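Read the structure below first, then the notes.
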Amino acid sequence: MDKSKRTFLKSKRSFRKRLPPIQSGDRIDYKNMSLISRFISEQGKILSRRVNRLTLKQQQLITIAIKQARILSLLPFLNNEKQFERTESTTRTPSLRARKR
């Protein structure tokens, strides 16, 4: 295919404008738990800017608000929803080497 014809081809993907996750009326504060909880993963980690689609300033404010909420015990540092339970007691297997006496 000729290079001059390639430049006029339209891309096959259609893009739609995504709505920003934080509207202008939303206040980024450590007390606004409904807003803060959207930016935390299932493990309790702060999600990255690329995942959140936030601006740099918004991400910094969200991070500060999450850390303040954790310190004031409004949010847990770790999300321990998955409790690991032992169903069987593990026993040690005897070593393969025979003891020399």
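Because the structure is a prediction, the values reported are computed rather than measured.
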- Query: Hey, any chance Ile22 and Met33 share a hydrophobic cluster, counting ILVMFWY side chains that come within less than 4.5 Å of each other, even indirectly?
  - Reply: yes
**Prompt:** Quick one: do Ile62 and Leu47 end up in the same hydrophobic cluster if we chain Ile, Leu, Val, Met, Phe, Trp and Tyr together by side-chain heavy atoms under 4.5 Å apart?
**Reply:** no
If I take atom [atom1] from residue [X] and atom [atom2] from residue [Y], how far apart are they, to the nearest 0.5 angstrom?
{"X": "Gln68", "Y": "Leu75", "atom1": "CD", "atom2": "CG", "answer": "11.5 Å"}
{"X": "Ile64", "Y": "Asp29", "atom1": "CD1", "atom2": "CG", "answer": "11.5 Å"}
{"X": "Phe77", "Y": "Lys45", "atom1": "CZ", "atom2": "NZ", "answer": "15.5 Å"}
{"X": "Arg50", "Y": "Gln59", "atom1": "CZ", "atom2": "CD", "answer": "12.0 Å"}
{"X": "Lys67", "Y": "Ile36", "atom1": "NZ", "atom2": "CD1", "answer": "13.0 Å"}
{"X": "Ile66", "Y": "Ile40", "atom1": "CD1", "atom2": "CD1", "answer": "4.0 Å"}

inquiry  = For a side chain to side chain contact (heavy atoms under 4.5 Å, CB included) check, start with the C-alpha distance between Phe39 and Ile28, then their side-chain angles and the critical distance, and finish with the verdict.
reply    = CA-CA 12 Å; Phe39 303 106; Ile28 300 173; over 6 Å; no
Side chain to side chain donor-acceptor pair (under 3.5 Å) filter on Asp26, not counting sequence neighbours, yields none
Between Arg49 (side chain) and Leu54 (backbone), is there a donor-acceptor pair under 3.5 Å? yes
For Pro21 and Arg53 the tightest heavy-atom approach is CD-O, 3.5 Å
Task: Residues Arg27, Leu35; criterion side chain to side chain contact (heavy atoms under 4.5 Å, CB included); working and verdict - done: CA-CA 9 Å; Arg27 186 165 183 224; Leu35 177 72; over 6 Å; no
